[in-house]
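In what follows, chains carry the letters A, B, and so on, assigned in the order in which the sequence lines appear, proteins first and then strands, with residues in each chain numbered from 1. Basis for what follows: all heavy atoms, side chains included, without hydrogens, waters or symmetry-related copies.
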Amino acid sequence: MAEEGAPNHLRNVKHIILILSGKGGVGKSTVASQVAIALQKMGKKVGLLDVDLCGPSIPRMFGVETHDVHQCSDGWVPVYVNDDQTLGIMSIGFLLTKKSDPVIWRGPKKNAMIKQFLSDVFWQGLDYLVIDTPPGTSDEHISVVESIRDCNPDGAVLVTTPQAVAVGDVRRELTFCRKTGIPVLGIIENMSGFACPNCQECTNVFSKGGGQALAEYAHVPFLGCLPLDPNLTRCLESGLRFLDMFEQSPVAHQVTAIVQRLVEQCASKE
Amino acid sequence: MDVPENAPEECPGTQSESAGKAASCEGCPNQQTCASGQPKAADPDIKVIAERLRSVRHKILILSGKGGVGKSTFTGQLAFGFAQDEKCQVGVMDVDICGPSMPRILGVEGEQVHQSGSGWSPVYLADNICVMSVAFLLASADDAVIWRGPRKNGLIKQFLRDVDWGALDVLLVDTPPGTSDEHLSIVQLLKEAGLDGAVVVTTPQEVALLDVRKEIQFCRKVGVPILGVVENMAGFACPRCQTVTEIFPPTTGGAERMCADMNVPMLARIPLDPRIGQCCDEGVSFVTRHPESPAANALRELVDRIRLQINLDGEPVAAAAASGAER
């Protein structure tokens, strides 16, 4: 639970999970969205905060990119993806007047927006807040960590793809976590193999094994591999719920197992 | 563009007639300076940089709004492609400060940068390819560069002002994803030195195109010519049965539709070949190692196309510089 001095509304958030990667394009937003949905399916009340100001992908993944955000007397109201308000989203994507407009901001302005996001969104009490981040170890990440430090975040899930070029960046993200005191809940290796829909031959499109090797090297938990699944991409593009529509797929099973493990880890902290 | 970092949301710009006098200027720390009419001094380093880069004939930015689409991969393969002509001098500047991949992709990870009287020496992987990256300045592969914008900008300026690039036919600049400090800095600092333009990389799916459209708008806003768009990871052919699957499906028409809508040239579609990633991990040229693959064919054609577009084979580099001048 948050301590005194933390941004106001975050005091009512029981668990905070950051989704990080040093590398771009490894599937942070994909993982963040699926983790949020999986938690919701487990009966949790979930918030999903997208602090990727230049490339906010989350609204589209939920089919809510044309929504606007409203303010109430308590702050900004998140966009709820369902009537029972068990999954709410906030993203700069909702604040852009023209969705195709680029956000060409330097660091200080990005920092100011992120601090506002963290203190002014009226989450109304959450079991889990999942925070999706852009790639890197810069303004956005420093600002988020500084703002949530007083809230006892549970930690960060690091996403990588298997190849060395990606792992090379994610190693640096691990250092970032160590230096800023954010516990590492584990590493997910995404885009880990592709099974041809025609002949089932599995090809390691982006190599294999880098995520597990990194977890062993850094002595952090390896949460699992997620294979490439074009159905997942298609669902995300159209704002459809992959975990409902393709419940029996390997990716869905893996996501559910990973999230169960995360919940156990977070519960042991309570 | 001339809006200071600490300026409020609706800053009219320091060179505007209403600078310091508009309603939005209330409370801005620069209000008095702007209102007094003192012109904001241009950064003197911009001229220094233009002078330093006078011997660099062509400069190309590799951009994408989206991460992970293959900017660095493509920058590397483009460098290898140009450098196949031994007379062509190629430089690569890696301004991805947080995630510097170029040393690995070019096979020179772990090398060191040296200082000489004429500035920092870039690392040479061959007589005619050199690279500069923050990765060379880090003591270990685990070191993170946890810098805010202003510090990143400072390093980019050093890369442009203090590196002894020598006489280059082309300087390729690899960038991180986004439209932020690094991108603004590189464009502003090259204002006088000049830029041939940007190659924008994307993958076919809408989640990527969403960001890439913004990058194209960014280029238009800051006056960077767009050489064209490359669609990467466009289709995967199973090595066993040759069935092609769109792993990243072009649900909204892919790059082709986006290019038509935004009136930018579509330069190439490169298929997804696992051996490209392997070559990047190993730091070797994919086109040299797998010349017969469809992706290599596409890359070779793309290199030729860009070569023509920037008139790379135009007037030769000055003879003194081309004959291996001191580095």
Side-chain angles (χ1 to χ4, degrees), chain A residues 22-27 29-30 53-57 60-61 65 99-111 134-139 141-142 161 163-166 168-169 171-176 179-180 194 196-199 201 203-207 228 230 233-234 236-238, chain B residues 5-6 9 65-69 72-73 97-99 101 104-105 109 141-150 152-153 176-181 183-184 203 205-208 210-211 213-215 217-218 221-222 236 238-241 243 245-249 251-252 272 274 277-278 280-281:
Chain A
K23 185 88 182 65
V26 297
S29 301
T30 301
L53 302 183
C54 295
S57 313
R60 177 154 191 123
M61 291 179 173
E65 70 264 33
K99 306 303 172 188
S100 55
D101 278 351
V103 171
I104 312 173
W105 292 354
R106 287 195 181 273
K109 205 163 170 184
K110 290 199 281 187
N111 300 335
T137 50
S138 189
D139 288 275
H141 314 86
I142 300 170
T161 47
Q163 78 270 47
V165 163
D169 286 346
R171 283 172 81 159
R172 300 193 182 102
E173 201 74 20
L174 282 167
T175 305
F176 172 84
K179 287 198 161 166
T180 53
F194 173 69
C196 174
N198 184 47
C199 70
E201 166 96 347
T203 309
N204 292 322
V205 179
F206 299 114
S207 190
L228 277 161
T233 317
R234 270 197 201 91
L236 292 167
E237 301 269 285
S238 323
Chain B
E5 289 186 20
N6 54 358
E9 172 91 22
K66 186 85 183 70
V69 297
S72 302
T73 301
I97 312 283
C98 296
S101 314
R104 172 179 284 277
I105 289 173
E109 205 176 34
D142 290 318
D143 279 357
V145 180
I146 310 172
W147 292 355
R148 288 196 184 275
K152 291 194 284 186
N153 301 335
T179 49
S180 188
D181 287 274
H183 313 86
L184 281 168
T203 44
Q205 78 278 35
E206 177 61 20
V207 161
L210 268 177
D211 293 345
R213 285 190 200 100
K214 292 179 187 181
E215 198 75 19
Q217 301 270 52
F218 166 82
K221 200 163 181 182
V222 301
F236 169 70
C238 173
R240 199 219 255 168
C241 72
T243 302
T245 312
E246 303 275 15
I247 293 185
F248 302 109
T251 51
T252 55
L272 180 47
Q278 266 163 27
C280 284
D281 279 358

Looking only at heavy atoms, which two atoms of A:Thr203 and B:Pro274 are closest? And how far apart? CG2-CG, 3.8 Å
I need the A:Arg234 CZ to B:Gln205 CD distance, nearest 0.5 Å. 11.5 Å
Let me confirm one number: the CZ-CG distance from A:Arg106 to B:Leu184, rounded to the nearest 0.5 Å. 4.5 Å
Ring-plane angle category for A:Phe206 and B:Phe248, please: parallel below 30°, perpendicular beyond 60°, tilted otherwise. tilted
Under a 4.5 Å cutoff for heavy-atom pairs, which residue among A:Cys196, A:Gly136, A:Cys199 has the most contacts with chain B? A:Cys199
Heavy-atom distance under 4.5 Å to chain A: side chain of B:Thr252, backbone, both or neither? side chain
Region of B:Cys238 in contact with chain A, defined by heavy-atom distances below 4.5 Å: side chain
Select one option (side chain, backbone, both, neither) describing which atoms of B:Ile97 are under 4.5 Å from chain A's heavy atoms. neither
Distance from A:Ile104 atom CD1 to B:Glu215 atom CD, nearest 0.5 Å? 8.5 Å
Could you look at B:Arg104 and say if it's the side chain, the backbone, both or neither that has a heavy atom under 4.5 Å from chain A? side chain
Cut-off 4.5 Å, heavy atoms of chain A, and the answer for B:Pro176 is neither
Heavy atoms of B:Ser180 and A:Lys110 approach each other most closely as OG-NZ, 2.8 Å
Chain A interface, residue from B:Leu272, B:Thr251, B:Asp142 that has the most non-hydrogen pairs under 4.5 Å: B:Asp142
So, the part of B:Glu206 with a heavy atom under 4.5 Å from chain A: the answer is both
Over all heavy atoms of both residues, which pair between A:Glu237 and B:Pro249 is shortest? Give the atoms and the distance, please. OE1-O, 4.0 Å
Tell me, side chain or backbone of A:Val26 under 4.5 Å from chain B's heavy atoms, or both, or neither? neither
What part of B:Thr245 lies closer than 4.5 angstrom to a heavy atom of chain A: side chain, backbone, both or neither? side chain
So which heavy atom on A:Cys54 is nearest to which on B:Lys214, and how close? O-CD, 3.8 Å
Closest heavy-atom pair and its distance - A:Leu228, B:Ile247: CD2-CG2, 3.8 Å
Atom group of A:Asp139 that falls short of 4.5 Å from chain B, counting heavy atoms: both
Most contact-rich option vs chain A, by heavy-atom pairs under 4.5 angstrom, among B:Thr203, B:Ile146, B:Asp211, B:Asp143, is B:Ile146
Under 4.5 Å from any heavy atom of chain B, what part of A:Asn111 do you find: side chain, backbone, both or neither? side chain
